[in-house]
Amino acid sequence: MKKKKNTDPVEKLLSFAFTMSIIGICTIGICPAFGAMGIAVPIVMKQKKAQLTPQQERKANKALIGGIIALCLFVVDIILILLFKDKI
């Protein structure tokens with residue numbers, strides 16, 4: 001069975017945001033841009049009052065939460081670098 005190519009731009013943006021937030025978590029917050037993209041897309045969609053399906057709403061929430069976690073990991077990375085900079 002072939003997968004249907006998704007041409008819905010909202011779905012593509014949400015998939016992008018979700019992927020970026022997951023990459024941000026997987027890299028332990030090394031690059032805050034991944035987390036920022038995971039946060040930015042859902043926030044912009046809420047500000048623009050985009051009509052989202054329930055599935056898209058869930059994906060937006062997951063991307064937002066993942067982006068926040070990735071940015072928190074970035075802060076933890078900076079704190080650890082500052083604490084252990086003399087020992088490295």
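Note: the hydrophobic cluster containing Val41 also contains Val10 (ILVMFWY, side chain heavy atoms under 4.5 Å, direct or indirect links). Taken together through direct or relayed side-chain contacts under 4.5 Å among Ile, Leu, Val, Met, Phe, Trp and Tyr, Phe18 and Ile65 form parts of separate hydrophobic clusters. Criterion: ILVMFWY side-chain heavy atoms under 4.5 Å apart, direct or through other members. Under it, Val76 and Ile79 are part of a common hydrophobic cluster. Follow the hydrophobic side-chain contacts under 4.5 Å out from Ile30 and you never reach Ile81; the two are in separate clusters. Under the 4.5 Å side-chain contact rule for hydrophobic residues, Val75 and Phe84 share a cluster.
Here the closest heavy-atom approach between residue Ala70 and residue Gly35 is recorded as CB-CA, 3.8 Å. Scanning both residues, Met20 and Phe34, for their nearest heavy atoms gives O-CB, 3.3 Å. Counting all heavy atoms, side chain and backbone alike, Leu52 lies closest to Leu14 at CD2-CD1, 4.3 Å. Across every non-hydrogen atom of Ser21 and Gly38, the tightest pair is CB-CA, 4.1 Å.
Rounding to the nearest 0.5 Å gives a distance of 7.0 Å between CD1 of Ile25 and CG of Leu73. Considering CD1 of Ile69 and CD1 of Ile28, their distance stands at 14.0 Å, rounded to 0.5 Å.
Sorted by first and then second residue, the salt bridge (Lys or Arg N to Asp or Glu O under 4.0 Å) pairs with a member in residues 54-74 read Glu11-Lys59; sequence neighbours excluded.
Other residues, nucleotides and ligands contribute more than 12 heavy atoms inside 6.0 Å of the CD1 atom of Ile78.
Other residues sharing a hydrophobic cluster with Ile39 under the 4.5 Å side-chain heavy-atom criterion for ILVMFWY residues are Ile43, Leu64, Ile68, Leu71.
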Exercise for the section: List the steps and the verdict of side-chain contact (heavy atoms from CB on, under 4.5 Å) for Leu13 and Met45. Expected result: CA-CA 10 Å; Leu13 283 171; Met45 288 198 178; 3.7 Å; yes
